[in-house]
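So you know, we letter chains A, B, ... as the sequences are listed, proteins then strands, and number each from 1.
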Number of protein chains: 2
Amino acid sequence: MVRLSDVAVHAGVSVRTVSNVVNDFRHVAPHTRARVQASIDELGYRPNMAARNLRRGRTGLLALVVPEIDSPYFSDLAARTVRIAEDEGWTVLIDQTDGDPARERRLLHGERSQLVDGVIFSPWSVPAQELASRSDATPIVLLGEHDGAPPVDHVVIDNVRAAEEAVGHLVARGRTAIAAIGVRPTLGNATAHQRLLGHRRALATAGMEPRSDREAPVGSLHRAEGHRAMTELLDSLEPPDAVFCFSDQLALGALRAVVDAGLRVPRDVAVVGFDDIEDGRYAVPRLTTVSPDRDQIARLALQVLRDRLAGDDTPARVHTAGHRLVVRESS
Amino acid sequence: MVRLSDVAVHAGVSVRTVSNVVNDFRHVAPHTRARVQASIDELGYRPNMAARNLRRGRTGLLALVVPEIDSPYFSDLAARTVRIAEDEGWTVLIDQTDGDPARERRLLHGERSQLVDGVIFSPWSVPAQELASRSDATPIVLLGEHDGAPPVDHVVIDNVRAAEEAVGHLVARGRTAIAAIGVRPTLGNATAHQRLLGHRRALATAGMEPRSDREAPVGSLHRAEGHRAMTELLDSLEPPDAVFCFSDQLALGALRAVVDAGLRVPRDVAVVGFDDIEDGRYAVPRLTTVSPDRDQIARLALQVLRDRLAGDDTPARVHTAGHRLVVRESS
DNA sequence: GCACGGGCATGCAACGTTGCAAACTGGGGG
DNA sequence: CCCCCAGTTTGCAACGTTGCATGCCCGTGC
């Protein structure tokens, strides 16, 4: 390992001067800078991050905690976050909870606290009240709503309104038996609840009765669950002619279930998803969906952390990112 | 921030003893351990990773460098790697190159070298010879083959054989005009070349002539390119009746192109992909594909790094993971 | 000619931890 | 009764870096 002192000896300057060159300190004479830089290059010096972090009290790392990195929505979000964070000089560490409450809890309460400067947390099963009782001092920002507005910064989209728009679109298309897939029994996850609320509101606006047998719960947001739920809906006495799914993954599973039942989309059943994942754009038929502004979500989350790290101690706020309904072939 | 010394004062022992408790050192009296642990819990002590890393000379971090985290293949691989690495006490940092040669180069030559203990690198555009000239001492393991067998550890699958099996399957299905999509002009990426080789071999075995107008190059491995390439193939004078795509993403794009052309899969054109991403399992029709054993890939890569960090300095080797052809509806 | 100031270079100390080796304890054997 | 040893605890130093404060040098202005 090459240290600053090695470079200093090689260049015939002090350790401090080498450090000044490495850190682009202003007051370094051009020829000194050039000489030191030459030594750095020749010796192949790399700053020791551990030492730098220790001295600076910052690591330059952020944790992005998601239920699963291999779900399209989160991998897309992760990719954007990594890119945007990099532009601001941060490196992102991705943590996967698999929805495991124990793991979420550990990460929430500071498992990474001395390793990262801040945490972007997408909770799955940890209840809101527990978020509030967090004692760790590392700045954190939550993705997604949580009931009871815990005193933690949030980045959200307007899920109620988005769901309302999606279902309103189905109504406008003349659908009369509109089901929802994606209801979550877990209280912790308010996102599903908000979307259900929007769904019901749109039905109410259209003068339709919400029917609990058309609000299908799921165990996960994966395709398989969408497939299963849709199959059950189609097997019911009064099958729906449209379905609003709380994720594109569910929608793609549902799409497949419609095909498996010998029906056509959108002729027999219209399908709308949520998330705007790439698969939906290439599905047959192309999936109508709600597209959250992920870049804005990532940017807002990073901005919150940046502000908090800069000493901003105003009360926690909720930051709302945009969304839009993208109508394609499936509805 | 709570330090070891704070805990030491609180528990009435030396700093070193607290450290011994934190690190599960054997020779600590049970009652001492209990008392120290109580202080740790009460004060909410968290080890300072920067200091620990500096002292130990290890960070416990690994970098996983992939072209893009939001492509299904890599996000799936990343998810598995993170899980398996965690079991071994490692934390994985995911780096995204976007296929940018400059960024690949930086990461290859040690941009992260003082931050991570090892690197799992999935190169995209950096040529093999440059891999060989790597001077950085951080252990590295490459995913995917590279011509010229540079002196770096590799984890691969037998791409030639896998491609041969895939195309052989199309031959067995009675297809006579079999195209390939995914040829890469870049010399660096030998994977595409290997798959093309397997494709040609299978054709030769079946007594068919390889035709360069049925070997479609692509600019990326995304759906859009698969769509474009397939559209062009279908527009040719003698359109193929089957296509082997070098990735599932390409295959899904191709699938869509067939539908857009008013044709049916597999009746008019059979489609086979490569990677076994989840979307393929739910596509309409379900995609036939080559499924690499990703868990084995991740495990092999981690094992290589573990061995190298333990001081193994035997010559670099090539480690081959398994694969299998999964026949579904698209062929 | 001298004082001053801005640009530049440096020495010292400290960040929080762990490796090392030494020091202490109590119990059993000589 | 003393010594030895295993078990336990401790002090010291060092990991490589950067903040702070200081000192040096040279050019400018009086």
Partners passing side chain to side chain donor-acceptor pair (under 3.5 Å) against Asp100(B) (at least two apart in sequence or in another chain): none

Partner residues of Thr59(A) under the side chain to side chain donor-acceptor pair (under 3.5 Å) criterion, sequence neighbours left out: Asp117(A)

Contact state string [nucleotides 15-21 of chain C, B base, S sugar-phosphate only, - no protein heavy atom under 4.0 Å]: BBBBBB-

Pairwise ring pair (Phe, Tyr, Trp, His ring centres under 6.0 Å) hits with a residue in residues 61-92 of chain A, at least two apart: none

Heavy-atom side-chain contact between Leu93(A) and Leu61(B) under 4.5 Å: yes

Those residues that, when tested against Ser75(B), pass side chain to side chain donor-acceptor pair (under 3.5 Å) (two or more places apart): none

Test side chain to side chain donor-acceptor pair (under 3.5 Å) applied to Thr138(A) - qualifying residues, sequence neighbours left out: Asp136(A)

All pairs passing salt bridge (Lys or Arg N to Asp or Glu O under 4.0 Å) where residues 49-70 of chain B contributes a residue, at least two apart: none

Helix axis bend for the helix from dG1(C)-dC30(D) to dG30(C)-dC1(D) - C1'-based end axes, five pairs, 10° rounding: 60°

Sequence neighbours excluded, every pair satisfying ring pair (Phe, Tyr, Trp, His ring centres under 6.0 Å) that has a member inside residues 23-57 of chain A: Phe25(A)-His27(A)

Pairs involving residues 27-49 of chain A, ordered by first then second residue, that meet salt bridge (Lys or Arg N to Asp or Glu O under 4.0 Å) (sequence neighbours left out): Asp24(A)-Arg33(A)

Side chain to side chain donor-acceptor pair (under 3.5 Å) partners of residues 302-311 of chain B, not counting sequence neighbours, each pair once: Glu88(B)-Arg306(B), Asp153(B)-Arg308(B)

Distance test, side-chain N/O of Thr17(A) to OP1/OP2 of dA9(C), below 4.0 Å: no

Within residues 27-36 of chain A: residues closer than 4.0 Å to DNA chain C (heavy atoms): His27(A), Val28(A), Ala29(A), Thr32(A)

